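Have a look at the structure below before the remarks.
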Amino acid sequence: MDAPGRCVYVFSMGELSTVSTAPAVPFLDLRPSHEALKAAILADISDLIDAGTFTNGPQVREFEDAFAAYCGTEHCVGVASGLDALRLALIAAGLEPGDEVIVPALTFVATFEAVTQAGGIPVLVDVSETDYCLDPAAVEAAIGPRTRFLLPVHLYGQLANMRALEEVAHRHGLRILEDACQAHGAERGGFRAGAAGFAGAFSFYPAKNLGAMGDAGAVTTNDGSIARQIRVLREHGQERKYDHRHEGWTSRLDTIQALVLLHKLPLLDEWNDSRRAAAAFYLNALTNIGDLQLPQVAAESEPVWHLFVIRTARPNALADHLAQRGIRSGRHYPKPPHCSNAYAHLAGDFPVAEAVASQCLSLPLFSGITEAQVEAVVQAVADFV
């Protein structure tokens, strides 16, 4: 990107470098989380093969109940992906064609897709410098007569300022759907991810803090009517077999994924603590290093550090330097959705979102990352800067 408002990007191949076939520090390594669970999961999968309950098996409802309890909500409905969770929640809440949904300009494209696929119109608002989430101060000016929903994204694992957003929503009669796909277990100001809005949408993509072994998602809510409607929508719109009251989708949470998530959920807090420890090391060791801008932790916030994103004027060069040391890194997200061909018609003036996109670099962070690995990353970054 040359300057805010001009979507010009140069992509680094550092994350895909073949300098080392066995990186000293991978960007993501799921093996530490899976090692202790592998035998038990395989045994349960063997039982599932014998039972044959591959769809709507008892493990689905068991996981839904467990995850609802974890998030502090009355209901959880398992679905096939985080995108399905967002889309079906909007439809279940009554979004109609042409309704406007306020979304942050910096997010993964699925946030936009959910709105447009549900028939809504995304209205983009810039993000805050303090947390990279939807800026409550900018939301007010974007509200119009067709605005129906706010869709904050808890980006990188830190909750948006839900207290301030709730105040805005209350004044204008809007409903809040949380995109909590990166924030399993995160808290801020007395709110927990998935329990602050009328519903929360989660992804269990394998790389998430709580990840399945394939695509999976869920909606959490305290609204029984929303939960019932999503259960109908995920199952071809049928309330009973062959009684199709609504147009629906095939969007069930597979039994095998629910089984995996049941094994992982009890360990989520421990895994989040591991991420917090690594993030604290980065924050301490990389302070006042060159031009690096480190992520800020908002007041009363307990992020779960799905990603540790730094900013620098030369993210591609730094990524290439790390790759030469056998250290993998990532860019999340170097091209905001409104700078893509699919959503170019939504282009506008979003200087913070575009500045973060042009400068961002995600350092390795995963549950089980070792102190030696984190130290190697810090040393390599310091050497470059």
Side-chain angles (χ1 to χ4, degrees), residues 53-71 73-95 101 107-120 149 151 153-154 175-184 193-195 197-239 241 244-262 264-265 268:
T53 52
F54 302 117
T55 59
N56 297 328
Q59 293 89 344
V60 174
R61 197 54 183 258
E62 187 179 349
F63 171 73
E64 291 173 337
D65 292 343
F67 194 65
Y70 179 83
C71 293
T73 60
E74 294 182 19
H75 308 280
C76 170
V77 183
V79 293
S81 69
L83 171 57
D84 282 357
L86 288 163
R87 183 178 63 242
L88 298 187
L90 287 171
I91 294 171
L95 181 142
V101 181
T107 182
F108 181 58
V109 71
T111 310
F112 285 39
E113 291 173 325
V115 175
T116 57
Q117 290 174 10
F149 297 91
L151 209 175
V153 178
H154 304 320
R175 306 189 78 181
I176 299 178
L177 170 62
E178 300 172 71
D179 184 335
C181 291
Q182 300 183 11
H184 314 67
F198 78 85
F202 289 87
S203 166
F204 303 120
Y205 183 75
K208 304 294 185 180
N209 292 42
L210 179 63
M213 293 183 176
D215 284 312
V219 179
T220 55
T221 182
N222 288 315
D223 188 327
S225 65
I226 293 288
R228 286 192 296 274
Q229 183 71 351
I230 294 173
R231 291 187 189 281
V232 169
L233 292 172
R234 74 175 179 180
E235 191 84 35
H236 299 287
Q238 60 183 10
E239 297 181 12
K241 196 167 185 178
H244 303 275
R245 303 287 181 91
H246 312 275
E247 181 181 10
W249 287 264
T250 303
S251 184
R252 295 178 291 261
L253 173 64
D254 288 336
T255 305
I256 193 169
Q257 302 302 346
L259 180 158
V260 169
L261 292 166
L262 276 169
K264 291 186 170 187
L265 181 58
L268 177 56

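Each residue takes its place number in the sequence, starting with 1. Computed from a prediction, not measured in an experiment: that's the story for all the values here.
Across every non-hydrogen atom of I226 and A92, the tightest pair is CD1-O, 3.6 Å. Closest non-hydrogen pair, L88 versus S251, comes out as CD1-OG, 3.9 Å. The heavy-atom pair separating Q257 from A212 by the smallest distance is OE1-CB, 3.1 Å. What you find for G57 and T255 is that their closest heavy atoms are N-OG1, 2.9 Å. The two residues T53 and P58 have their closest heavy-atom pair at OG1-CD, 4.2 Å. The nearest pair of heavy atoms linking H154 to A183 is CB-CB, 3.6 Å.
In this structure, the separation between OG1 on T55 and CD on E235 is 7.5 Å, given to the nearest 0.5 Å. The distance from the CG atom of L268 to the NE2 atom of H184 is 7.5 Å, given to the nearest 0.5 Å. A distance of 4.0 Å separates CZ in R231 from CD in E64, rounded to the nearest 0.5 Å. How far CD of E247 is from CD1 of I91: 8.5 Å, rounded to the nearest 0.5 Å. Remark: L151 CG to R175 CZ distance equals 12.5 Å, nearest 0.5 Å.
The salt bridge (Lys or Arg N to Asp or Glu O under 4.0 Å) check on R228 picks up nothing, with sequence neighbours excluded. Residues forming a side chain to side chain contact (heavy atoms under 4.5 Å, CB included) with E113 (at least two apart in sequence, or on another chain): L83, V109, A110, Q117, Y343. Residues that satisfy the salt bridge (Lys or Arg N to Asp or Glu O under 4.0 Å) test with E239, not counting sequence neighbours, are R245.
By the 4.5 Å heavy-atom criterion applied to side chains, L95 and V101 are counted as neighbours. Taking the side chain as every heavy atom from C-beta outward, C71 and F202 approach each other to under 4.5 Å. The shortest side-chain heavy-atom distance between V60 and R252 does not fall under the 4.5 Å cut-off. Annotation: side chain of N222 is in contact with side chain of T73 (closest heavy-atom distance under 4.5 Å). Looking only at side-chain heavy atoms (C-beta outward), W249 and R87 come within less than 4.5 Å of each other. No side-chain heavy atom of T221 sits less than 4.5 Å from a side-chain heavy atom of I230. Under the 4.5 Å side-chain criterion, counting only non-hydrogen atoms from C-beta, F54 is not in contact with I256. Side-chain contact between Y205 and D215 is present, with heavy atoms from C-beta onward closer than 4.5 Å.
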Under the ring pair (Phe, Tyr, Trp, His ring centres under 6.0 Å) rule, what do F204 and F67 come out as? Steps first, then yes or no, please.
-> CA-CA 12 Å; F204 303 120; F67 194 65; 5.3 Å; yes

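For E178 (side chain) and G197 (main-chain N/O), a donor-acceptor pair under 3.5 Å exists by modelled atom type. Between the side chain of H246 and the backbone N or O of L233, no donor-acceptor pair lies under 3.5 Å.
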